[in-house]
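Beneath this line is the structure, given in structure tokens, with notes to follow.
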Amino acid sequence: KNQVEQSPQSLIILEGKNCTLQCNYTVSPFSNLRWYKQDTGRGPVSLTIMTFSENTKSNGRYTATLDADTKQSSLHITASQLSDSASYICVVSRTRQGNMLTFGGGTRLMVKP
Amino acid sequence: SAVISQKPSRDICQRGTSLTIQCQVDSQVTMMFWYRQQPGQSLTLIATANQGSEATYESGFVIDKFPISRPNLTFSTLTVSNMSPEDSSIYLCSVEGQGTDTQYFGPGTRLTVL
């Protein structure tokens, strides 16, 4: 069964601290893995996309890693800001098209001052 | 990138009625997707809408309950028919970026059914 599991479900950190979110998947075949940020009341916004051959990709303070052998990914947030408070969703695609996506349950991150 | 707008942004509806949600994209796209996000849950694909053909529905979703129109390459509608409180969700429209694997999402329509 194609599944994407994220941990932790929720996380509270202090402003300025770093954190790492985890994603494990059993999706097959594999095309790419995406991390999205979803602010409350908004649609998800893409942070990174990684294909099989990529094992790290950065977008500002966000760095995603991918281990295609162990089927694990992580999203590391550096020097967190209050605006980082959101849900972070890991999504694995079986094809390049958007109709073969498997969504994780998300990690709800709250950054406190 | 693609800019997507949805109308309405939110609505409160009575049981048994229907609501049509509109999705407008600022560029022509082949495939448009409709998702549902129930409270505290992640996204679930309802259907894929291609211009000029009937929408393709995912398991658990049927055309009678969620009829979709796709009259052109920049617009689509999703109707939630004969609503019940279980239909209370956020409904999101999404498109694939041209030439990229990035998927762009609209802001969502928050539906509450009483």
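Note on naming: letters A, B, ... go to the chains in the order of the sequence lines (proteins, then strands), and numbering restarts at 1 for each one. Everything quoted here is computed from the prediction, not taken from an experiment.
Residue A:Gln6 does not touch chain B at all, counting heavy-atom pairs closer than 4.5 Å. The part of B:Gln37 that comes within reach of chain A is its side chain, from C-beta onward, which places non-hydrogen atoms under 4.5 angstrom from that chain.
Here the options are B:Tyr91, B:Phe66, B:Trp34, the test is ring pair (Phe, Tyr, Trp, His ring centres under 6.0 Å), and the partner is B:Phe61; only B:Phe66 passes.
Counting heavy-atom pairs closer than 4.5 Å to chain A, the top-ranked of the candidates B:Leu43, B:Thr56, B:Leu92, B:Thr44 is B:Leu43.
Taking the six-membered ring for Trp and thresholds of 30 and 60 degrees, A:Phe103 and B:Tyr35 have ring planes more than 60 degrees apart, a perpendicular arrangement.
Between the side chains of A:Ser74 and A:Thr20, no donor N or O sits under 3.5 Å from an acceptor N or O.
For B:Phe105 and A:Tyr36, the gap between ring centers is short of 6.0 Å.
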